[in-house]
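The structure appears below as structure tokens.
Keep in mind that the numbers below use all heavy atoms, side chains included, and drop hydrogens, waters and symmetry copies. Whatever order the structure lists ligands and atoms in, that order sets their numbers, starting from 1. Everything numeric here is computed off the predicted structure, so don't read it as measured data.
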Amino acid sequence: MISSDLHEAVRQLRAGKLVGIPTETVYGLAANALDPEAVAGIFEAKNRPSFDPLIVHIGQMAEISRLVTDVPVQARQLMDNFWPGPLTIILPKSELIPDIVTSGLPHVGIRMPKHPLTLRLLQSLPFPLAAPSANPFGYVSPTTAQHVLDQLEGKLALVLDGGPSQVGIESTIVSFAEGTPKVLRLGGISMEDLTSVLGESIPSTLSQSQPAAPGQLDSHYAPHRTIALLPHGASAPSLNKGEVWIPFAPQAESKDSLSLDGTNTSAAQRLFALLRKLDYPEAGKMYVEMAPESGLGRAVNDRLMRAAHRA
Ligand code: TXA
Ligand code: MG
């Protein structure tokens with residue numbers, strides 16, 4: 001079921017089957033984006049509500065022209081600077097994209113992932129791939145092939161193994177649905193990076209109670225265990241039996257830390273795997289020190305707050 005056979009992945013996808021794919025952000029659960037039946041299989045396997053649209057993945061810049069009807073200048077600048085990479089851009093969709101992909105919305109999210117195996121896969125296929133993160137709806141995203149299998153075995157044809165995801169958190173989503181750009185989800189491209197390319201900061205709609213990206217529901221990414229967040233720089237909490245403390249950077253008193261070297265890059269890479277590893281229902285509270293509120297740290301903190309949220 002875990003395989004590195006690109007040809008087999010191509011065969012299965014051409015037959016309308018589901019394949020787990022590695023990307024630099026997280027693993028995706030992919031199917032032919034132009035085949036409504038194949039796409040329906042994704043929603044079923046993930047137990048995903050039909051109102052939550054999927055991102056369409058492409059392997060070459062030229063594909064964009066048949067999938068969307070307009071590319072504003074700023075969207076083009078973002079593509080030129082960040083593709084392939086962890087950025088999803090939402091644009092008006094063409095007729096070619098089935099309604100089930102966008103949950104009936106007139107716009108589609110598109111991204112060119114930066115993973116050599118998946119880029120080759122995409123370039124070997126005559127269609128783009130619709131792919132949400134390969135986890136059951138509401139759970140932590142997978143960053144290894146084994147994570148995918150642990151939760152979706154029996155529901156997909158195979159998982160293509162591309163090693164652990166290098167970025168570790170999902171793509172940043174920028175929407176042009178209303179003409180001017182808005183950030184719908186923080187992710188692998190930081191606000192600072194977006195600002196430096198566009199020459200101005202982009203507003204975000206992250207704190208809306210009616211989420212524009214349904215994945216922004218407060219309690220997304222939730223593991224089963226209770227998580228208590230500590231502000232960045234907080235000292236060690238006193239622990240009861242069964243409780244653990246995850247400081248941001250390595251500390252003598254703790255076995256684990258979020259970041260291996262104190263950088264946000266390392267924290268992002270390790271976050272989801274760590275939440276999974278420590279997630280067993282009988283265990284006590286998990287104290288996690290937050291990241292500094294800059295660069296990728298903002299996206300790490302966003303995921304931590306969702307993981308800690310109890311509705
Ligand atoms: O890094 C990523 O983006 C990963 C990898 C596999 O590419 N994919 C991913 O997909 O995180 P997913 O489905 O787990 O999250 C996609 C988010 C959802 O919150 C969805 O609501 C939003 O993108 N989205 C997709 N298309 C949209 C659209 N047309 N309008 C608004 N939001 C959209
Ligand atoms: Mg997801």
Whether [Y] and [X] form a salt bridge (side-chain N of Lys/Arg under 4.0 Å from carboxylate O of Asp/Glu) is what I want to check.
X: D99; Y: K93; value: yes
X: D302; Y: R306; value: yes
X: R111; Y: E170; value: no
X: D256; Y: K277; value: yes

Contacting atoms of ligand 1, where contact means under 4.0 angstrom from a heavy atom of [X]:
X: I173; answer: 17 (C), 22 (C), 23 (O)
X: E170; answer: 1 (O), 2 (C), 11 (O)
X: H107; answer: 29 (N)
X: T25; answer: 1 (O), 2 (C), 4 (C), 5 (C)
X: S171; answer: 1 (O), 2 (C), 3 (O)

Selected option - heavy-atom contact closest to [atom], from [options]:
atom: atom 26 (N) of ligand 1; options: S175, P106, P132, P53; result: P53
atom: atom 16 (C) of ligand 1; options: L29, I55, T23; result: I55
atom: atom 8 (N) of ligand 1; options: S133, A134, A177, A130; result: S133
atom: atom 30 (N) of ligand 1; options: I90, N135, V101; result: I90

Do F43 and L54 have side-chain heavy atoms sitting under 4.5 Å apart?
yes
Residue-ligand contact H57/ligand 1, heavy atom below 4.0 Å
yes
Are a donor atom and an acceptor atom from the side chains of S259 and D261 found within less than 3.5 Å of each other?
yes
Under a 3.5 Å threshold, yes or no: a donor from one side chain and an acceptor from the other, between S133 and N135?
yes
Can you tell me if an N/O/S atom from N135 lies under 2.8 Å from the Mg ion (ligand 2)?
no
Heavy atom under 4.0 Å from ligand 1: found in R48's side chain, backbone, both, or neither?
side chain
T102 and ligand 1 - part of the residue with a heavy-atom distance under 4.0 Å
neither
Under 3.5 Å, N or O to N or O, is K46 touching ligand 1 that way?
no
Using a plain distance cutoff, I'd like to know if Y27 has any nitrogen or oxygen under 3.5 Å from a nitrogen or oxygen of ligand 1.
no
Of the non-hydrogen atoms in L13 and N32, which two are nearest, and what is the gap between them?
O-CB, 4.4 Å
Within the 6.0 Å centroid threshold, strictly below: H232 and F248
yes
Between T88 (side chain only) and I173 (backbone N and O only), is there a donor and an acceptor less than 3.5 Å apart?
no
